[in-house]
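Read the structure below first, then the notes.
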There are 2 protein chains.
Amino acid sequence: MTIKDVAAKAGVSVATVSRVMNASGTVNPETEKLVQSVIDELEYSPNGIASSLKTDRTHIIGYVVTDIRNTVFTFLMAAIQNVLWEYNYSMMLFSTNGDPDKEASILRFISMQKIDGAILNSCTNTQSIIQLNKKIPVVLTGNDISDPNFIGDFVDSDNHAASYMLTSNLLSNGHRKIGIINGPNNLVVSRERFRGYQDAMAVLGMTINIDNPLVYEGSFDVSSGYLAAKKMLSSASMRPTALLVTNNEMMKGVLKYCSEQQIKIPDDLSVVTIGNRHELDYLYISPTYMETNLEEMGERLARLILERIETKKRLPKRIFKLPAFFHDGNTVKPLTPIEANTIIS
Amino acid sequence: MTIKDVAAKAGVSVATVSRVMNASGTVNPETEKLVQSVIDELEYSPNGIASSLKTDRTHIIGYVVTDIRNTVFTFLMAAIQNVLWEYNYSMMLFSTNGDPDKEASILRFISMQKIDGAILNSCTNTQSIIQLNKKIPVVLTGNDISDPNFIGDFVDSDNHAASYMLTSNLLSNGHRKIGIINGPNNLVVSRERFRGYQDAMAVLGMTINIDNPLVYEGSFDVSSGYLAAKKMLSSASMRPTALLVTNNEMMKGVLKYCSEQQIKIPDDLSVVTIGNRHELDYLYISPTYMETNLEEMGERLARLILERIETKKRLPKRIFKLPAFFHDGNTVKPLTPIEANTIIS
DNA sequence: TTGTACGCGTTATCAT
DNA sequence: ATGATAACGCGTACAA
């Protein structure tokens, strides 16, 4: 069932059928009606592949993440999908599993599949990204690359502000021994969240470097949150009075450990986190957290990539930091002056 | 950078280059080496679109779900992806958001995109599925369709057995007033889970129909679990002593409600569920549950669709019910004979 | 307004 | 072993 069949049956040329299908060029209303009826009758649908070969457009964008099971990615993905669907684009999904080699081959694969554009979430292979970006528009989130050869956009929430604010909140509640359970340091998102924490601590004169025992580098997944908690909380006397856990997933792991070890929140430990409202509002506890608006981020990412695809211009790089919002919960215990003093000493 | 450029630079014909790229036909080792070097030098990568047009193969499979944010789908997706990647296939992802119209247009879209095959998760539009299946191989999960015109496979865990076993467990612990929070009745997965519960209750002479107040039809997501709990548990005197919650997501909603209302598990309420180990083992509580092995299911789905694609035969329909495994937790309180009697009366 | 014909980048058939 | 060439199904410049 091709365009030829339709043309033959309608007694017109393939050009006319094509014009009717794409509403392009001029076509007599009567012939249009005729052609349309044949199209309906034969249930003709054009071959997208052939059309792509001709127009050099697939109407597909690629979304690359490190692990599909991470809810941050899935919520982002859902938001992206909504926009894409609206504009008649569809999504091809790839997961690197955190493997740099796999990431490289995925990016290579994307460039030969003639996908129209790509959204890369937490990709780290700078050279591969630049290589891909030479052929198609690319926007980034989670990790940015500073190489001037990269001409694309970067979108993320204001991670520095988010952890700065949460850390300040803990400090103003009297906490001083504040730990951070963070993501991989090779991602901008992690480094920003660490810096926010670091800067807030510095205000009270505390200098915390990356090798401080209060700092844990996890991998943004549930099990690393669990392991981090195990490491940092096992000794009741040494442990921090508060923890900044920098994403949803690791937060679940921390809560699991606390529950197993009968560590009461907030009585024995205060906890704050950064994440997604839809996840955090359904925990058994109401955490104090900074909300990253994943709907907005996903929508922004999708609109940016579509803009770059449609206006074929190589627009200069743009960077967006979306605001995060404070949610007050009941996971922070204000320390009395005595407690605070004890701990400071 | 096309195959022509490579041919020209290597001083051979496009046919030879094609043979080298695809390791097809015969080619002199020396010319092969030469051609390969030119390919490397020019960093030539073939145009997948053109190749698809010729071979009628895209090496893409479509995965359709109702809501990407549901972890059941994401875990399944991850498993499917692993297999696809191994066989050099990639995945296009679609989300119906539970909208029948959107489902129909997605399935239509898939058939014109010349995707090689489709995995449909909880799709309900029988006619659209059959229509799609006329053109490409299709395998189903979550919801099956009984129409003989559908020639594909169905894979799911043994849902009847899972809820039968959990209900029996509650019964043998003395519970009688057992509620079920279930998914949409238009899905086979929900109906099977309900039947398992129903059959187990029937063993003790209790006939429970779908309109019984002990039965709640939710939508397999967190908020419907929350709402269900709210409805079923609000009156302390009337409420069931135990609940069978038929998936992960709704379980989170139930736990949230219980936590808010200070309903202690298992003291005030026993709870059992069906779901994914990776999720359930990281709750703050250790639930008694039946594990559905999503890795195995996903892998099976992927292999089945690939099999149907590669052996172009229209194999007869096959149905797979994968076993679920019992995990004993601490969310079921054994009722003393007195308590049990009180409740029965 | 409509039709003819070429080309998109491959693969595959058939000669050589 | 290799090369010339015809498809694959569509869009579109150009001609009519």
Side-chain angles (χ1 to χ4, degrees), chain A residues 1-39 42-60 88 109-116 135-136 312, chain B residues 1-39 42-60 88 109 111-116 135-136 310 312:
Chain A
M1 193 57 35
T2 78
I3 198 171
K4 273 187 190 165
D5 301 314
V6 178
K9 182 141 193 174
V12 298
S13 74
V14 292
T16 303
V17 179
S18 176
R19 280 187 278 259
V20 171
M21 286 300 297
N22 304 311
S24 66
T26 56
V27 48
N28 187 308
E30 290 197 20
T31 40
E32 169 164 6
K33 200 175 281 178
L34 168 66
V35 170
Q36 190 59 56
S37 73
V38 175
I39 289 172
L42 299 186
E43 290 180 346
Y44 165 70
S45 70
N47 182 325
I49 299 296
S51 155
S52 289
L53 182 60
K54 186 68 191 163
T55 61
D56 213 33
R57 282 291 178 80
T58 54
H59 277 218
I60 297 174
N88 280 306
F109 181 84
I110 287 181
S111 82
M112 50 175 284
Q113 274 297 313
K114 303 292 167 197
I115 284 173
D116 288 345
K135 305 187 126 192
I136 61 173
K312 300 191 162 189
Chain B
M1 194 57 33
T2 78
I3 198 172
K4 274 187 190 165
D5 301 314
V6 178
K9 181 143 194 172
V12 298
S13 74
V14 292
T16 302
V17 179
S18 177
R19 279 188 279 258
V20 171
M21 286 299 299
N22 304 311
S24 65
T26 55
V27 49
N28 186 308
E30 291 196 21
T31 39
E32 170 164 6
K33 201 175 280 177
L34 168 67
V35 169
Q36 189 60 55
S37 74
V38 175
I39 288 173
L42 298 186
E43 290 180 344
Y44 165 70
S45 71
N47 183 325
I49 299 296
S51 162
S52 290
L53 180 61
K54 187 64 191 164
T55 62
D56 213 33
R57 281 292 177 81
T58 54
H59 276 221
I60 297 173
N88 279 307
F109 181 84
S111 82
M112 46 175 288
Q113 274 295 314
K114 302 293 167 197
I115 284 173
D116 288 345
K135 306 188 125 191
I136 61 174
E310 307 260 323
K312 299 190 162 193

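Chain letters run A, B, ... following the sequence lines, proteins first and then strands; every chain starts at 1.
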**Study point:** Contacts of B:Asn47 that satisfy side chain to side chain donor-acceptor pair (under 3.5 Å) - sequence neighbours left out
**Key:** none

Check your understanding: Which heavy-atom pair separates B:Ile39 from B:Met21 by the least distance, and what is that distance?
Key -> CD1-SD, 3.5 Å

Practice item. Can you measure from OG (B:Ser51) to NE2 (B:His59) and round to the nearest 0.5 angstrom? Key: 8.0 Å

Review point. For B:Ile136 and B:Ile115, which heavy atoms make the closest approach, and how far apart are they?
Key: CG2-O, 3.3 Å

Exercise for review: Can you sort out the partners of B:Glu310 under side chain to side chain contact (heavy atoms under 4.5 Å, CB included), two or more places apart, ordered by chain and number?
Suggested key: B:Tyr89

Review point. What are the residues of residues 19-35 of chain A, sorted by number, that bring a heavy atom to within less than 4.0 Å of DNA chain D?
Key: A:Asn22

Study note, to complete from the structure: chain A vs DNA chain C, heavy-atom contacts under 4.0 Å, first-to-last nucleotide span, 5' to 3', is C:dT1 to C:dG9

Exercise for review: For B:Ala50 and for B:Ser13, find the nucleotide of DNA chain D with the closest heavy atom, then tell me which residue's nucleotide is more 5'.
Suggested key: B:Ser13

Point to revise | Residues which pass side chain to side chain contact (heavy atoms under 4.5 Å, CB included) with A:Val14, listed by chain and number, not counting sequence neighbours | key: A:Ile3, A:Lys4, A:Ala7

Review point. Any side-chain heavy-atom pair from B:Ser52 and B:Ile49 closer than 4.5 angstrom?
Key: no

Exercise for review: Mind checking the NZ-OH spacing from A:Lys9 to A:Tyr44? Nearest 0.5 Å is all I need.
Suggested key: 15.5 Å

Revision key, fill the gap. Terminal axes of the helix from C:dT1-D:dA16 to C:dT16-D:dA1 (5 end pairs apiece), angle rounded to 10 degrees, sit apart by 40°

Point to revise | Covered region of DNA chain D, 5' end to 3' end, by chain B [heavy atoms, under 4.0 Å] | key: D:dA1 to D:dG9

**Study point:** Summary of salt bridge (charged side-chain N to carboxylate O under 4.0 Å, His left out) pairs that have at least one residue in residues 45-60 of chain B, sequence neighbours excluded
**Key:** none

Review point. When we call it a touch if two heavy atoms are under 4.0 Å apart, what does A:Thr2 touch: a base, just sugar-phosphate, or nothing?
Key: sugar-phosphate

Check your understanding: Listed by chain and number, what are the salt bridge (charged side-chain N to carboxylate O under 4.0 Å, His left out) partners of B:Lys114, not counting sequence neighbours?
Key -> none

Revision key, fill the gap. With sequence neighbours left out, the residues meeting side chain to side chain donor-acceptor pair (under 3.5 Å) with A:Thr58 are A:Asp116

Point to revise | Qualifying salt bridge (charged side-chain N to carboxylate O under 4.0 Å, His left out) pairs, either residue in residues 12-38 of chain A, two or more places apart | key: none

